[in-house]
S.K.: 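Take a look at the following structure, please.
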Amino acid sequence: MTEQQNKIKLRTTVTREPKTRNGVTALILFGLVGGMTGLAFASDPLYRIFCKVTGYGGTTQVAEAPAESKIIDHMVTVRFDANVNKSLPWRFKSVQNTIKVRLGEQALAFFEATNVSDKPIVGTATFNVAPFKAGEYFNKIECFCFTEQVLKPGQTVQMPVTFYVDPAIIKDRNTVDVKTITLSYTFFAGDDQSEAQKLQTTHVITKDEENILISRESSPKG
Amino acid sequence: MSETAHADAHEHHDHRPTGWKRWVYSTNHKDIGTMYLALAMIGAIVGTAASMAIRVELHEPGVQFITDFQFYNVLVTAHGFIMVFFVVMPALIGGFGNWFIPLMIGTPDMAFPRMNNISFWLLPAALILLVIAGLIDGGPGTGWTVYPPLANADFHPGMAVDFGILSLHLAGASSILGAINFITTIVNMRAPGMTFHRMPLFIWAMLLTAILLLLAIPVLAGALTMLLTDRNFDTAFFSPAGGGDPLLWQHLFWFFGHPEVYIMIIPAFGVISEIVSTFSKKPIFGYLGMAYAMAAIGVVGFIVWAHHMYTVGFNVETRAYFTLATMVIAVPTGVKIFSWLATMWGGSIKFDTPMLFAMGFIFLFVVGGVTGVTLANAGADQAFHDTYFVVAHFHYVLSVAAIFAMYAGFYYWIGKMSGKQYPEGMARLQFWVTFIGVNILFFPQHFAGMAGMPRRIPDYPDAYAGWNMISSWGAYITAVGAILFFVVLWKTLTSKETVAANQWGTGANTLEWTVASPAPFHTHEQTPAIGTQPAAIGTQPAE
């Protein structure tokens with residue numbers, strides 16, 4: 001083959017098909033963009049799962065009651081911190097400042113919330129512990145923060161939380177120095193205020209609701 | 001119709017639109033590149049004006065002329081956004097990329113010329129949205145990082161942040177389309193014989209930048225969309241009240257944001273590699289190492305994002321990992337620095353303006369890199385976080401170094417782009433004024449930062465007065481340099497002195513120097529055969 005023919009052959013091989021080849025390349029790249037966008041949105045649920053599993057950011061764990069046999073004679077102090085977002089007209093405080101518990105021992109603490117406005121409001125509490133590294137070992141068995149709370153105008157309720165600190169905390173070299181854990185709550189107005197609106201529009205509290213409210217006020221297990 | 005026939009049709013009656021249609025409807029890579037460069041210059045004027053206002057305000061303690069502190073925050077935000085999205089990216093990626101990718105790989109134009117048009121025109125639209133954002137409802141005072149809760153509806157209740165978000169969406173779409181075009185062009189349309197391992201390093205840089213863009217920008221777009229719905233449609237991605245977490249924003253933002261800083265600097269690496277090789281009259285030292293060092297920087301850039309967030313309360317293992325991963329980046333970066341030095345070593349160096357700026361780039365990048373290693377330490381960063389030490393660091397690496405690469409690229413290629421000779425003496429003066437100016441501007445900020453001067457505040461304790469005043473004087477000198485640049489630009493474009501096709505002589509071996517200066521409207525209509533082109537000399541590794 002002559003040089004000229006060679007050149008022509010080269011040109012045709014590179015220039016015949018590029019339209020479709022370019023299209024395929026672009027399609028793959030658009031797919032990549034779509035995938036990355038999907039990943040960005042998937043990051044929200046993934047992040048939540050990640051926090052829950054690892055106790056990242058002081059996210060506490062949810063657990064069944066601990067086995068009595070696991071209790072060990074090593075005390076930690078648990079402090080309580082209560083905050084209210086400024087847009088929620090509630091008063092919120094912890095009933096006790098601190099509790100000393102043995103590792104693995106189930107403990108019960110109370111918080112107290114008062115609705116100081118003149119209408120019923122749904123509140124929801126976010127929570128974490130400090131230091132963050134203790135989140136992995138802080139287990140809640142029952143907590144008012146697991147559900148939304150409705151308070152009538154002027155109503156005060158005591159809200160319980162039962163928890164224990166996993167004895168494994170002293171086996172982890174990162175957390176062996178933890179002597180004090182602060183459990184912190186912040187109440188926000190709930191996004192879904194339909195429960196409060198129900199109370200407001202009817203103004204009559206049904207027997208069931210009354211029972212619920214009474215049980216909440218009287219029995220801290222609620 | 002095949003591409004060949006298409007190109008032939010052009011040869012017969014050279015289709016060349018004129019007037020406004022030439023620009024608005026443009027599908028020509030050179031015209032689009034020129035428009036990108038022009039937009040970057042407009043952006044640079046606005047962004048520099050914002051930074052000058054900041055430096056004047058900080059010249060002395062107390063309030064100089066900005067009484068509305070939200071306005072100060074808006075200036076800081078505007079400066080950041082404009083410099084990143086409307087100056088550095090359009091100039092280094094859109095401008096030089098569009099101009100020189102087809103010229104350097106020996107293809108007539110980009111793979112998707114009409115998509116190229118829309119990539120460009122999305123950008124002015126984005127800039128207009130950003131300007132609107134600054135003018136309504138007090139403007140976005142969020143900083144370029146747009147952290148919630150500051151960016152939430154609680155603290156920015158007007159529409160300013162929404163306009164800012166939409167602006168970034170458009171700028172992001174522009175970058176994504178441009179990146180797809182770049183990758184397709186580089187992967188599919190190289191001249192026969194130009195294998196991946198024989199591409200000029202500038203092409204490697206553009207390819208890797210485009211890949212980083214495709215991986216990073218969609219994450220920003222997703223996060224911005226979440227912020228937009230948080231602000232307007234009562235979702236709670238970043239709001240604890242609804243079970244969200246503001247820290248998620250920081251993770252998403254920096255997962256984009258850290259690769260973004262490489263998106264700005266890798267094209268600069270490409271430009272500098274070409275220039276150092278040309279003016280040392282030697283092939284680049286360690287070609288393959290240089291290419292794969294950029295790739296390594298790009299890969300590692302995606303797994304170090306949390307070093308921007310050391311103070312949020314990570315456990316010690318997380319901080320140890322991010323410290324280690326961040327420091328690893330110093331290795332490929334060191335490969336690049338030493339390869340540039342080794343290229344110059346023993347070379348027959350010509351100190352023309354592009355080379356001066358390239359050497360200035362290397363110096364500034366090393367200074368910024370060293371402070372980067374300091375900041376990579378989670379322990380040290382607890383103290384440095386959000387101080388002027390950080391400001392000094394990132395201005396050394398990605399503003400001043402990137403700007404030096406832009407100036408270097410401009411002087412290197414303006415002959416090819418315009419066919420005119422720039423005034424060498426005045427250009428060298430511009431280099432020295434700028435080089436002295438930026439160092440007086442940013443070096444004292446290290447000291448102010450180490451003393452504890454925080455970022456993003458319009459007023460500060462008297463203790464920081466000295467370094468701030470020196471820094472402001474540096475800013476004024478740099479501004480003189482910028483004005484000089486525009487004088488040089490005007491002198492060049494009105495000059496009667498023309499340049500040869502290969503104005504730099506023996507060192508310049510890439511394909512753009514084989515076409516006439518100024519580069520004709522259509523180039524490489526005959527596919528160049530690399531084996532017979534000098535391109536093979538400059539960029540291929542020894543075989």
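Below, read A as the first sequence line, B as the second, and so on, with proteins coming before strands; counting in each chain starts at 1. Note that the structure is predicted; figures quoted are calculated from it, not measured. Heavy atoms only: backbone and side chains are in, while hydrogens, waters and symmetry mates are out.
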S.K.: Please check this pair: side chain of Thr180(A) against backbone of Thr77(A), looking for a donor-acceptor N/O pair closer than 3.5 Å.
M.R.: no
S.K.: Please check this pair: side chain of Thr27(B) against backbone of Pro113(B), looking for a donor-acceptor N/O pair closer than 3.5 Å.
M.R.: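 It does not hold such a pair.
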S.K.: Mind checking whether Trp305(B) and Phe322(B) have ring centres under 6.0 Å apart?
M.R.: yes
S.K.: Does this structure show an ion pair linking Asp177(A) with Lys133(A), if we count only N-O contacts that are shorter than 4.0 Å?
M.R.: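 Looking at Lys133(A) together with Asp177(A), the answer is yes, because their closest N to O distance falls below 4.0 Å.
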S.K.: Scan side-chain atoms only and decide if Ser239(B) and Asp230(B) contain a donor-acceptor pair under the 3.5 Å cut-off.
M.R.: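 Distance-only check fails for Ser239(B) and Asp230(B).
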S.K.: Quick check on Phe30(A) against chain B: is it the side chain, the backbone, both or neither that has a heavy atom closer than 4.5 Å?
M.R.: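 Answer is both: backbone and side chain atoms of Phe30(A) are under 4.5 Å from chain B.
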S.K.: Under 4.5 Å from any heavy atom of chain A, what part of Phe256(B) do you find: side chain, backbone, both or neither?
M.R.: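 The answer is neither part of Phe256(B).
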S.K.: Which one of Asn315(B), Val316(B), Asp245(B) has the most heavy-atom pairs closer than 4.5 Å to chain A?
M.R.: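 The candidate making the most pairs under 4.5 Å is Asp245(B).
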S.K.: Relative to chain B, which segment of Tyr47(A) carries a heavy atom at a distance below 4.5 Å: side chain, backbone, both, or neither?
M.R.: side chain
S.K.: Do Leu247(B) and Trp249(B) have side chains that get closer than 4.5 Å, going by heavy atoms?
M.R.: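 In short, these two side chains do not touch, never coming nearer than 4.5 Å.
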S.K.: Does any heavy atom of chain B fall under 4.5 Å from the side chain of Asn85(A), the backbone, both, or neither of them?
M.R.: neither
S.K.: Name the region of Phe238(B), side chain, backbone, both or neither, that has any atom closer than 4.5 Å to a heavy atom of chain A.
M.R.: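 It is neither, since no heavy atom gets under 4.5 Å.
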S.K.: Which atoms of Thr124(A) are under 4.5 Å from chain B, going by heavy atoms: the side chain, the backbone, both sets, or neither?
M.R.: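 Interface part for Thr124(A): side chain.
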S.K.: When the ring planes of His308(B) and His258(B) are compared, do they come out parallel, tilted or perpendicular, using 30° and 60° as the limits?
M.R.: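 The arrangement is tilted - the two ring planes meet at 30° to 60°.
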S.K.: Against chain A, work out which of Leu215(B), Ile176(B), Thr107(B), Leu213(B) has the most heavy-atom pairs shorter than 4.5 Å and name it.
M.R.: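 Among the listed options, the one with the most contacts to chain A is Leu215(B).
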S.K.: For the interface with chain B, which of Leu32(A), Thr25(A), Val24(A) has the highest count of heavy-atom pairs at distances below 4.5 Å?
M.R.: Thr25(A)
S.K.: Taking side chain as everything from C-beta outward and backbone as N, CA, C, O, which of these in Leu214(B) sits under 4.5 Å from a heavy atom of chain A? Side chain, backbone, both or neither.
M.R.: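 Both parts, heavy atoms under 4.5 Å.
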